[in-house]
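Scroll down for the structure; my scribbles are underneath it.
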Amino acid sequence: MPTSERQRGEVRELFSAARIAERVRELGREIGESHPTGELVLLSVLKGSFIFAADLARAIDRPLRVDFLGLSSYGGQTESTGVVQITSDLTKPIEGAHVVVVEDIIDTGLTMAYLLENLATRKPASVQVCAMLEKPSRARRQIRIDYKGFVIPDEFVVGYGLDYGERYRNLPFIGVLTPPGGA
Ligand code: IMP
Ligand code: MG
């Protein structure tokens with residue numbers, strides 16, 4: 001394969017696939033145990049959380065519904081614009097349901113703040129947040145993360161669903177993108 005098509009060499013691993021799998025199993029158990037009754041909806045925020053949500057759903061040992069919401073806040077760059085757009089909406093109402101929002105990463109918190117306000121208007125029984133990663137150093141909104149995978153420093157990460165310009169989502173691990181030529 002030409003070097004330009006290799007991805008792994010461009011990414012310094014932070015969390016291996018095995019470590020992620022172990023953490024996801026723990027989060028799934030926690031979510032199942034804190035929702036003993038009622039309708040549970042796993043709300044996967046696209047696109048970044050699609051891999052995490054797929055693994056998490058299989059780690060939760062109780063009936064649940066999965067739905068997807070497309071949000072876009074970046075437009076291909078690494079800085080938040082603060083402007084959030086719903087690019088595709090839920091397929092069913094969440095009124096009366098216990099919703100767990102599944103996100104790849106909470107960075108500035110602007111996206112999640114917007115989403116939580118929007119969801120509240122739909123009258124769910126409860127809304128909780130499950131994020132694979134948190135980058136607290138960049139927080140501009142205070143978000144309560146009920147289930148958290150890992151806390152990371154202020155570095156741009158890719159893999160396990162996270163992208164840079166739509167690339168790297170398919171890496172099985174999470175790592176830091178290194179500049180071309182190495183650093
Ligand atoms: P926030 O609104 O700043 O919290 O950013 C939310 C979205 O930005 C996340 O759902 C990601 O899609 C994207 N994002 C933030 N930080 C990173 C990163 O380090 N790598 C890849 N995507 C990121
Ligand atoms: Mg995202």
Side-chain angles (χ1 to χ4, degrees), residues 6-17 19-20 23-24 27 31 41-57 66-90 94 99-121 127-180 182-183:
R6 292 215 192 100
Q7 300 193 113
R8 287 169 188 255
E10 301 161 18
V11 181
R12 174 167 51 84
E13 184 177 293
L14 281 184
F15 305 105
S16 69
R19 182 133 180 247
I20 294 169
R23 192 72 193 107
V24 171
L27 293 173
I31 292 172
V41 179
L42 269 199
L43 197 172
S44 164
V45 182
L46 296 173
K47 302 175 198 169
S49 82
F50 82 110
I51 291 178
F52 177 35
D55 286 343
L56 188 65
V66 179
D67 212 336
F68 300 92
L69 197 136
L71 281 188
S72 167
S73 62
Y74 268 24
Q77 283 114 52
T78 60
E79 285 297 314
S80 184
T81 57
V83 179
V84 182
Q85 207 188 341
I86 293 190
T87 54
S88 76
D89 206 350
L90 299 175
I94 51 169
V99 176
V100 175
V101 181
V102 183
E103 250 293 31
D104 50 3
I105 184 167
I106 310 279
D107 184 19
T108 62
L110 292 170
T111 305
M112 190 53 74
Y114 168 87
L115 178 56
L116 291 176
E117 265 175 42
N118 181 289
L119 293 178
T121 66
V127 179
Q128 290 188 316
V129 174
C130 176
M132 188 66 216
L133 302 172
E134 183 194 18
K135 223 189 262 183
S137 54
R138 303 212 339 137
R140 288 170 60 188
R141 291 278 189 292
Q142 224 33 64
I143 303 291
R144 195 194 67 235
I145 306 176
D146 303 279
Y147 313 96
K148 192 186 305 183
F150 304 104
V151 175
I152 60 165
D154 184 8
E155 290 187 284
F156 196 81
V157 293
V158 295
Y160 197 63
L162 288 146
D163 75 307
Y164 175 67
E166 294 299 327
R167 276 190 64 198
Y168 306 101
R169 292 194 197 276
N170 57 325
L171 282 182
F173 59 89
I174 295 171
V176 177
L177 200 54
T178 54

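Values below: every heavy atom of this structure, side chains too, minus hydrogens, waters and symmetry copies. Start at 1 and go down the list; that is how both ligands and their atoms are numbered. Residue numbers start at 1 and run along the sequence shown.
Close N/O approach between Leu162 and ligand 1 is not found [any backbone or side-chain N/O within under 3.5 Å]. The shortest N or O to N or O distance between Gly109 and ligand 1 is below 3.5 Å.
With a 4.0 Å heavy-atom cut-off, ligand 1 is reached by no atom of Met112.
Here the side chains of Met132 and Leu162 are not in contact, with every heavy-atom distance at 4.5 Å or above. Residues Ile105 and Ile152 are in side-chain contact: their nearest non-hydrogen atoms beyond the backbone lie under 4.5 Å apart. Here the side chains of Ile86 and Tyr114 are in contact, with some heavy-atom distance below 4.5 Å.
The shortest heavy-atom distance from Leu71 to ligand 1 is not under 4.0 Å. Proximity of Arg138 to ligand 1 is not established, as no heavy-atom distance is less than 4.0 Å. The shortest separation from a heavy atom of Ile105 to ligand 1 is under 4.0 Å, placing the residue in contact. Distances shorter than 4.0 angstrom do not occur between any heavy atom of Arg140 and any atom of ligand 1. Contact analysis puts Glu103 in contact with ligand 1, with a non-hydrogen atom separation below 4.0 angstrom.
Scanning for salt bridge (charged side-chain N to carboxylate O under 4.0 Å, His left out) contacts around Arg169 gives Asp163, Glu166, with sequence neighbours left out.
Here is the list of ligand 1 atoms found below 4.0 Å of a heavy atom in Asp163: 21 (C). Listed by number with element, the atoms of ligand 1 under 4.0 Å from a non-hydrogen atom of Lys135 are 16 (N), 17 (C), 18 (C), 19 (O). Annotation for ligand 1: atoms under 4.0 Å from non-hydrogen atoms of Thr108 are 1 (P), 2 (O), 3 (O), 4 (O). The ligand atoms of ligand 1 that sit less than 4.0 angstrom from a heavy atom of Glu155 are 19 (O).
Salt bridge Glu117/Arg141: absent, no basic N to carboxylate O contact under 4.0 Å. A salt bridge links Arg167 to Glu10: at least one charged side-chain nitrogen sits closer than 4.0 Å to a carboxylate oxygen.
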Pair Phe15, Leu133 - check side chain to side chain contact (heavy atoms under 4.5 Å, CB included), show working.
CA-CA 11 Å; Phe15 305 105; Leu133 302 172; 4.0 Å; yes
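Classification of the Phe156-Tyr164 ring pair by plane angle, with boundaries at 30° and 60°, yields perpendicular.
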